Amino acid sequence: MMKYKHIVFDIDGTMLDTEHVLLDVLQQVIFELQGRRVEQSELLFTSGIPGDVALRKLGFEDVAAVNDLWNERFKQHFHAVRLFDGIEAVLQKLQEASVTLGIITSKTHAEYEHDFLPFSLAKYFTTVICVSDVDHPKPSPDSMLKYMELTGANPREILYIGDTQYDMQCAKGAGADFALALWDAASRYEGADYYLSQPEEIVALLG
């Protein structure tokens, strides 16, 4: 019997290699608006949470305007974003195995449409939960609970794949299993059910 009927993916750092571009642009915005230089290592906490939450933690007051600037600068560098090797092949194999695929992301719907749709992967996914679909973003379990509400999935049937501790807390808080995508994870967080070195290892978890 198949262990997981639903496999849910994060986007940034899991399917799309965006971290370096996002942090590079954020460094520029911080220097431009606050006049200080911040190392990318100090900004890793921003990965996996909504932009407005990250900017508030960085001391910005008009977070909406700064977030718009960050997104606009990111769009200018979007050509540097790529899919991680092996992601599309894995999605094809999971679909062929009749696994239901979903997305839970800290992106807004507008960011999802701009950042993800150009890679032509949306056809693999039946349910997409963006940050604007829930009251509380990751690490709250709200996004996973919303996914279960929409799909009728039992948490024991779900595996969530992400690259941050916020992803793991979201999954665990809703009773779902979690796999850490080490191909872009900043740290090997304790508590994951699986640690994956390559996307191809996801297929083996079907049982």
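Values below: every heavy atom of this structure, side chains too, minus hydrogens, waters and symmetry copies. On a predicted model such as this, the values are computed, not experimentally measured, just so you know.
Between Asp177 and Arg156 no salt bridge is recorded (no basic side-chain N to carboxylate O distance below 4.0 Å). Residues Arg73 and Glu32 are paired through a salt bridge, judged by an N-O separation under 4.0 Å between the basic side chain and the carboxylate. Using a 4.0 Å cut-off between a side-chain N of Lys or Arg and a carboxylate O of Asp or Glu, Asp10 and Lys138 qualify as a salt bridge.
Looking at His109 and Asp133, their side chains do bring a donor and an acceptor atom within 3.5 Å of each other. Looking at Glu201 and Tyr194, their side chains never bring a donor and an acceptor atom within 3.5 Å of each other.
Looking at heavy atoms from C-beta onward, Val81 lies out of side-chain contact with Asp115 at the 4.5 angstrom threshold. In this structure, Leu206 and Lys3 have side chains that are not in contact, with every pair of non-hydrogen atoms separated by 4.5 Å or more. Looking at Phe9 and Ile202, their side chains come closer than 4.5 Å, going by heavy atoms from C-beta outward. Put simply, the side chain of Glu61 does not reach to within 4.5 Å of the side chain of Val66, judged on heavy atoms.
Under the side-chain hydrogen bond (donor to acceptor under 3.5 Å, both in side chains) criterion, Glu42 pairs with no residue, sequence neighbours left out.
Between His79 and His77, the ring planes are parallel. Angles under 30° get that label, and only those over 60° would be called perpendicular.
At least one donor-acceptor pair under 3.5 Å links the side chain of Trp70 to the backbone N or O of Leu22.
Other cluster members for Ile158: Val8, Ile104, Ile129, Val134, Met144, Leu145, Tyr147, Met148, Leu150, Tyr160, Met168, Phe178, Leu180, Leu182, Tyr189, Tyr195, joined by side-chain heavy-atom distances under 4.5 Å among Ile, Leu, Val, Met, Phe, Trp and Tyr.
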Note to self: Working note: Met15 + Phe84, criterion side-chain contact (heavy atoms from CB on, under 4.5 Å); need CA distance, chi angles, decisive distance, verdict.
What the structure shows: CA-CA 6 Å; Met15 290 190 284; Phe84 283 109; 5.7 Å; no
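Under a hydrophobic-cluster definition in which Ile, Leu, Val, Met, Phe, Trp and Tyr are linked whenever side-chain heavy atoms come within less than 4.5 Å, directly or via other members, Phe31 and Val63 are assigned to different clusters.
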